[in-house]
Structures are given as C-alpha cells and as structure tokens.
Amino acid sequence: MGEITIHHYLYLSAILFFIGVYGVLFRRNLIVMFMSIELMLNAVNLSFITFARYSSTMDGHVIAFFVMALAAAEAGVGLAILVMVFRNRTTVQADDLTLMRD
Amino acid sequence: MAVAFYILAFLSVLGGVLMVTRRNPLSGAFALVLSLVSLAGLFAGLAAEFVFILQVLVYAGAIMVLIIFTIMLLNLSRNEMYEAPVGRFHAAALVVLCAVGLAAFIHVFSQLPSAVTAIGPEFGSIEGVGELMLTKYLYPFELVSVLLLVAIVGVVLLAKKVI
C-alpha cells in the first residue's frame, strides 16, 4: 500500500460509474435503475472533489454542490413519476411499459 | 491514510455491487446508503468539509429517505419484484469496453498532477466554498434555486390525484 495518488481516486470513480451504468442497462426495475443513476452522479462528484483537491482550487466543490441540488430535483420529480406510473399501471418493470412502442 | 482509502473504496464498491444485484429494491437502497456514506468519508479525506456535510445531510439523509419512503409506499409484492432475466451480451461487451477505455484514458493521461499541494484551513470549509458560491458562481447558484422551485411545482402537479 503505497501513496494514494489521483489515479486511485479516478479509478474508483470510474468503477462506481460503470456499476451504475450496469444497473441502468441490466436491471428492469425502475427503482433500481433510478438508484443506479444516483450512484453515477456520486461517482462524478468524486471526480470533481478529487480534481479540486489536486489542483488546490475550490471550484470543484461548488460544482459538486450543484450536482447535488440537481440530484435532489431529479429525485423528487423521478419518484413522483414512479408513483404515478405505479398508480396507473401497477408495475415498476421497465419491460411492461411499452405504451409508446406498441 | 492509505488504509482508510482502501477500506472506504472497498465499502463504496461493495455497496454499489450489492445495490445492482439485490432483487429487493429495499435491500438495494440500504446498500446504496453504505456506498454514499463511504463516499462521504472519501470526500472528508480530500479536505472537502462542506461537500462531506452535504453528502451526509442531502444524499445519505434526504434523498435516500425519499427513495426508501417511495419503495415502502409502493409496497411491492414478490411477483411485482420479479424481473425477466436479460441477456444482452452486446450491451455487456459495450460496458466492459467503455470501462477499459476509460481506465486506459486515465492511465495514459500524463497531465494529471501527481502530488497534493499544500492548502490553507480555508480550503473546502463552509466559509470558503460559500464565498466562492456567492461571488464567482452567483448566477448558476440562482439558476439552481429556480430549478429547485420548478421541481417542487412539478412534483406537486405530478403527484396530485386528479390532473
């Protein structure tokens, strides 16, 4: 275990991001897909904070704050849509929602 | 410091993997909380005090409570949680390819600073980030508040029983 460099943080960020991508592509449950997007946003936040630390500027912290505000807005609207979909169609599986495809 | 990084990195990846593999969304939500709290620890290790506080308060607190609340509100039965197995090998290959490509990009990117430089006590503090937010990033900050207002109105409209 040597010194922790910027590469360690960036690799971790990439791993977390692709776990999120995997969740969106391979899970059909809308709630899990939604949580995967949250994980991807957090992986990007980690990159911002890492670059902020290694360049000794605080701009990345402000961007991370904006990403969090965006995620909060997205969570509110997304979950409201989810509740509406479940109320009208009684399903949360993306494969069952084919109204626009058929 | 290195040990703390490896423990937190392992916990965040473990939480993420559990989140995408559990069939029950509630188990997945708790795994995601583990991942988010570990990430908060990493933010603290990167001297981002303000973002660390926000991560615990907003993400692991408010947003996750909202998600868990929705999962419990929907009250899915075992049948409704069942997912047909998907065999998308092309998509899997694409994900792996992108991951390897990104890793290679990080690896060969030679412009990255290799060592941390000294920082003052102001760095990442609530005072420091707050001042930057209300001077250099004043207009984006105002736009974000408008966005949140629009989101509130949208949620109220969406969640109303009769439209």
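Numbers restart at 1 for each chain; the letters A, B, ... are given by sequence-line order, proteins then strands.
Neither the backbone nor the side chain of A/Ala94 comes within contact range of chain B; no heavy atoms are under 4.5 Å apart. For B/Ala62, no part lies near chain A; criterion is any non-hydrogen pair under 4.5 Å. Heavy atoms closer than 4.5 Å to chain A are found nowhere in B/Ser145, neither backbone nor side chain. Of the atoms belonging to A/Val32, heavy atoms from both backbone and side chain fall under 4.5 Å from chain B. The parts of A/Leu46 that come within reach of chain B are both its backbone and its side chain, each placing non-hydrogen atoms under 4.5 angstrom from that chain. Of the two parts of B/Leu66, the backbone and the side chain both hold a non-hydrogen atom closer than 4.5 Å to a non-hydrogen atom of chain A. Residue contact with chain B, scored on non-hydrogen atoms closer than 4.5 Å, involves the backbone of A/Thr57 exclusively. With a threshold of 4.5 angstrom between heavy atoms, A/Ile15 approaches chain B through side-chain atoms but not through N, CA, C or O. Neither the backbone nor the side chain of B/Ile152 comes within contact range of chain A, judged by heavy atoms closer than 4.5 Å. Contact of B/Leu36 with chain A is made through the side chain alone, with heavy-atom distances under 4.5 Å. For a residue to count as touching a neighbouring chain, one of its non-hydrogen atoms must lie under 4.5 Å from one of that chain's; by this rule B/Glu122 touches chain A with the backbone only. Residue B/Phe141 touches chain A through both its backbone and its side chain, counting heavy-atom pairs closer than 4.5 Å. Proximity to chain B involves both the backbone and the side chain of A/Glu38, based on heavy atoms less than 4.5 angstrom apart. At a 4.5 Å heavy-atom cutoff, the contact between B/Val144 and chain A is made by side-chain atoms alone. Both the backbone and the side chain of B/Tyr137 come within contact range of chain A, judged by heavy atoms closer than 4.5 Å. Both the backbone and the side chain of A/Tyr11 come within contact range of chain B, judged by heavy atoms closer than 4.5 Å. Within the 4.5 angstrom heavy-atom criterion, atoms from both the backbone and the side chain of A/Leu10 approach chain B. A/Thr91 does not touch chain B: none of its heavy atoms, backbone or side chain, sits under 4.5 Å away. Contact of A/Asn45 with chain B is made through backbone and side chain together, with heavy-atom distances under 4.5 Å. Both the backbone and the side chain of B/Leu74 come within less than 4.5 Å of a heavy atom of chain A.
Contact annotation: the side chain of A/Leu30 approaches that of A/Leu97 to within less than 4.5 Å [non-hydrogen atoms, C-beta and beyond]. Side-chain contact check for B/Met64 versus B/Phe30: every heavy-atom pair is 4.5 Å or farther apart. Looking at heavy atoms from C-beta onward, B/Leu54 lies out of side-chain contact with B/Phe43 at the 4.5 angstrom threshold. Side-chain contact between A/Leu12 and B/Leu42 is present, with at least one heavy-atom pair separated by less than 4.5 Å.
Linking Ile, Leu, Val, Met, Phe, Trp and Tyr residues whenever their side-chain heavy atoms come within less than 4.5 Å places B/Leu26 and B/Val17 in a single cluster.
Under the 6.0 Å cut-off for aromatic ring centres, A/His61 and B/Phe123 qualify, their centroids lying closer than that. For B/Phe5 and A/Tyr9, the ring centers are positioned less than 6.0 Å apart. Here the two rings, on A/Tyr22 and A/Phe26, have centers that are under 6.0 Å apart.
Atoms CE and CD1, from A/Met68 and A/Ile63 in turn, are 12.5 Å apart once rounded to the nearest 0.5 Å. For the atom pair CG (B/Leu134) and CD (B/Glu142), the distance works out to 8.0 Å, reported to the nearest 0.5 Å. Considering OG1 of B/Thr70 and CZ of A/Phe86, their distance stands at 12.0 Å, rounded to 0.5 Å. How far CG of B/Leu132 is from CZ of B/Phe50: 10.5 Å, rounded to the nearest 0.5 Å. Note that the CG atom of B/Leu138 and the OG1 atom of B/Thr135 stand 8.0 Å from one another [nearest 0.5 Å]. One distance of note links CD of A/Glu74 with CD1 of A/Ile81; it measures 9.5 Å at 0.5 Å rounding.
Comparing B/Gly45, B/Pro140, B/Ala47, B/Ser35 by heavy-atom pairs within less than 4.5 Å of chain A, the highest count is held by B/Pro140. By number of non-hydrogen pairs under 4.5 angstrom with chain A, the leading residue of B/Gly130, B/Ala159, B/Ala48, B/Gly16 is B/Ala48. Ranked by heavy-atom pairs shorter than 4.5 Å toward chain B, the options A/Ala71, A/Ala64, A/Ala43, A/Gly20 are led by A/Ala71. Considering only heavy-atom pairs separated by less than 4.5 Å from chain A, the leading option among B/Leu39, B/Leu143, B/Leu148 is B/Leu39. The candidate with the highest count of non-hydrogen atom pairs below 4.5 Å against chain B, out of A/Leu39, A/Leu79, A/Val77, is A/Leu79.
Here the closest non-hydrogen pair linking A/Met40 and A/Val21 is SD-N, 3.7 Å.
Ion pairing between B/Lys136 and A/Asp59 holds under the 4.0 Å rule for side-chain N and carboxylate O.
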field: Steps toward side chain to side chain contact (heavy atoms under 4.5 Å, CB included) verdict (A/Asn42, A/Val67)
entry: CA-CA 9 Å; A/Asn42 262 281; A/Val67 171; over 6 Å; no
message: As a quick check of understanding, evaluate side chain to side chain contact (heavy atoms under 4.5 Å, CB included) for B/Tyr6 and A/Ile4, giving each step before the final call.
response: CA-CA 9 Å; B/Tyr6 281 113; A/Ile4 300 298; 3.9 Å; yes
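For residues 7-15 of chain B, heavy-atom neighbours of chain A at less than 4.5 Å comprise B/Ala9, B/Ser12, B/Val13, sorted by residue number.
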